[in-house]
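First up is the structure itself, then whatever we jot down about it.
Keep in mind that the numbers below use all heavy atoms, side chains included, and drop hydrogens, waters and symmetry copies. None of these values were measured; they are calculated from a predicted model.
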Amino acid sequence: MSDNHLQEALAATASAATLDALEKVRVEYLGKNGKITDLMKQVGSLPAEERKAFGAKINVMKDEATKALDAKKLMLQQEALNAKLAGEREDVTLQPRIETRGKIHPISQVIEEVTAIFGQMGFTVAEGPSIEDDFHNFTALNIPPNHPAREMQDTFYLNGCDEQGAPLVLRTHTSSVQIRTMEAGKPPFRFIAPGRTYRSDYDATHTPMFHQIEALVIEPNIHMGHLKGTIVRFLKQFFETDQIETRFRANFFPFTEPSAEVDIGYKIDNGQIVIGQGNRFMEILGCGMVHSNVLRNVGLDPNEYQGFALGMGVERLAMLKYGIPDLRTFYDGDVRWLQHYGFESFSIPDMIRGLTV
């Protein structure tokens, strides 16, 4: 009978498919009232000469049943762990979804393109603060106290004043960077100043925050021909065509004299603007020879140094080159828009490769 209990226990252990089923087998045979445990209770009723042999036999049965139960328990635990790990496995070799892949914003792309082009022409890059004082944003640029640009409807005024008691502003142009850079160094100067600027305006072609890039050259014997040659070369490289027709129209800017607005030729083809030769012109940037008062305000002698400056809106360049119809969409944060108009990271240009899209 005792041998049958062991065989039954081993068979039940082998057929147990879960840890709960295995625990029931243990209780049935080795529990407090289990079948093998009950055999040990019979030792006291046996003759003295039989007790030792019977007890030893029951201990062997108990040991064999325990070893079988422990082995099966370890196997079932490992199987449960493997099943859990398989369900939680993450295949890190899978490619990311195309809709979640980041792209370069057109503003960043155009800034890099303009920087690469001017870099090839020997220009460096200068930067300055977004919060400006009255002197660097207005006075040093020959903007008089009653100029419309100082009005509240154009300029964001901040709480607080500069050392002279004049109000602080969010810079209305990156021309302030030109003043700070000239104050901090000595001529010759040849640099561009890209960055955010702020004006109180909002419609399809204006936003309260936008980006400008201005270029400045200060050297002896600089003249208007240098300015025109720089602009034409830039436009040809930026729009990647030799078919560029430009028109310089006289204008007025307080910080340049003479001043001009530059128009670029274009045509409409299948509803799209095509930059190059055409029967239409649009304004693309402003420029001029640096005013003598601006040179004096940074400690330079206008009889010794001359220079030219030009400025353009980054968003406008992006809209014209890449066919973006509405300026406001640049700042909507729409991932779908960025997937359509954005650029792959390897398309960012540099001075060695030039523009690669």
Under a plain distance cut-off of 3.5 Å, with no hydrogens placed, do [Y] and [X] share a side-chain donor-acceptor pair?
{"X": "Glu8", "Y": "Asn4", "answer": "no"}
{"X": "Asp134", "Y": "Thr139", "answer": "yes"}
{"X": "Arg296", "Y": "Ser292", "answer": "yes"}

Indicate yes or no: at least one non-hydrogen side-chain atom of [X] is less than 4.5 angstrom from one of [Y].
{"X": "His173", "Y": "Asn137", "value": "yes"}
{"X": "Glu261", "Y": "Leu285", "value": "no"}
{"X": "Ile117", "Y": "Phe238", "value": "yes"}
{"X": "Met282", "Y": "Asp263", "value": "no"}
{"X": "Leu235", "Y": "Ile264", "value": "yes"}
{"X": "Val335", "Y": "Trp337", "value": "no"}
{"X": "Cys287", "Y": "Phe248", "value": "yes"}
{"X": "Ile179", "Y": "Val294", "value": "yes"}

Is there a path from [X] to [Y] through hydrophobic residues (I, L, V, M, F, W, Y) whose side chains come within less than 4.5 Å of each other?
{"X": "Ile143", "Y": "Phe252", "result": "no"}
{"X": "Val125", "Y": "Leu317", "result": "yes"}
{"X": "Val274", "Y": "Ile324", "result": "no"}
{"X": "Phe156", "Y": "Val177", "result": "no"}
{"X": "Ile284", "Y": "Ile273", "result": "yes"}

[X] atom [atom1], over 12 foreign heavy atoms within 6.0 Å:
{"X": "Lys62", "atom1": "NZ", "result": "no"}
{"X": "Glu79", "atom1": "CD", "result": "yes"}
{"X": "Ile131", "atom1": "CD1", "result": "no"}
{"X": "Lys73", "atom1": "NZ", "result": "no"}
{"X": "Asp63", "atom1": "CG", "result": "yes"}

So which atom in [X] and which in [Y] form the shortest heavy-atom distance, rounded to 0.1 Å?
{"X": "Phe123", "Y": "Ala215", "answer": "CE2-CB, 4.1 Å"}
{"X": "Glu315", "Y": "Ile107", "answer": "OE2-CD1, 3.6 Å"}
{"X": "Pro106", "Y": "Gly342", "answer": "CD-CA, 4.5 Å"}
{"X": "Tyr266", "Y": "Ile268", "answer": "CE1-CD1, 3.9 Å"}
{"X": "Ala260", "Y": "Met224", "answer": "CB-CE, 4.4 Å"}
{"X": "Ala17", "Y": "Leu76", "answer": "O-CD2, 3.6 Å"}

Check against side chain to side chain contact (heavy atoms under 4.5 Å, CB included), Glu214 and Met312: CA-CA 6 Å; Glu214 299 193 20; Met312 48 202 159; over 6 Å; no

[X] [atom1] to [Y] [atom2] distance, which is reported to the nearest 0.5 Å:
{"X": "Leu300", "Y": "Glu304", "atom1": "CG", "atom2": "CD", "answer": "8.5 Å"}
{"X": "Phe255", "Y": "Leu216", "atom1": "CZ", "atom2": "CG", "answer": "11.5 Å"}
{"X": "Phe281", "Y": "Arg247", "atom1": "CZ", "atom2": "CZ", "answer": "5.0 Å"}
{"X": "Phe135", "Y": "Ser176", "atom1": "CZ", "atom2": "OG", "answer": "11.5 Å"}
{"X": "Leu170", "Y": "Met209", "atom1": "CG", "atom2": "CE", "answer": "11.0 Å"}
{"X": "Thr329", "Y": "Leu327", "atom1": "OG1", "atom2": "CG", "answer": "7.5 Å"}

Under-4.0 Å salt bridge between Lys321 and Glu113: yes

Side-chain ion pair, Arg26 and Glu23, N-O less than 4.0 Å: yes

Taking [Y]'s backbone N and O only, do any of them form a donor-acceptor pair with [X]'s side chain (distance below 3.5 Å, no angle check)?
{"X": "Thr155", "Y": "Tyr157", "answer": "no"}
{"X": "Asp332", "Y": "Asp334", "answer": "no"}
{"X": "Thr181", "Y": "Gln178", "answer": "no"}
{"X": "Asn142", "Y": "Pro254", "answer": "yes"}
{"X": "Arg316", "Y": "Glu283", "answer": "yes"}
{"X": "Thr13", "Y": "Ala9", "answer": "yes"}
{"X": "Lys35", "Y": "Tyr29", "answer": "no"}
{"X": "Arg199", "Y": "Thr172", "answer": "yes"}

Aromatic contact, Phe118 with Phe234 (centres under 6.0 Å): yes

Evaluation steps, salt bridge (Lys or Arg N to Asp or Glu O under 4.0 Å), between Arg180 and Glu132: CA-CA 11 Å; Arg180 290 187 175 275; Glu132 271 295 2; 2.8 Å; yes

Phe330 and His105 aromatic ring geometry - parallel, tilted or perpendicular at 30°/60° bounds: tilted

Results of side-chain contact (heavy atoms from CB on, under 4.5 Å) for Val232 - residues two or more places apart only: Lys228, Lys236, Thr246

Test log, rule side chain to side chain contact (heavy atoms under 4.5 Å, CB included), inputs Gln306 and His223: CA-CA 7 Å; Gln306 296 80 45; His223 54 72; over 6 Å; no

Full working for side chain to side chain contact (heavy atoms under 4.5 Å, CB included) between Leu69 and Val25: CA-CA 8 Å; Leu69 286 165; Val25 173; 4.0 Å; yes

Going by atom type alone, with no hydrogens or angles, which donor-acceptor pairs under 3.5 Å involve a side-chain atom of residues 186-198 and a protein atom two or more places apart or on another chain?
unit_1: Arg190; atom_1: NH1; unit_2: Met121; atom_2: O; d: 3.3
unit_1: Arg190; atom_1: NH2; unit_2: Glu219; atom_2: OE2; d: 3.0
unit_1: Thr197; atom_1: OG1; unit_2: Phe210; atom_2: O; d: 3.4

Worked verdict on Thr256 versus Met289 for side chain to side chain contact (heavy atoms under 4.5 Å, CB included): CA-CA 5 Å; Thr256 54; Met289 302 302 295; 5.7 Å; no

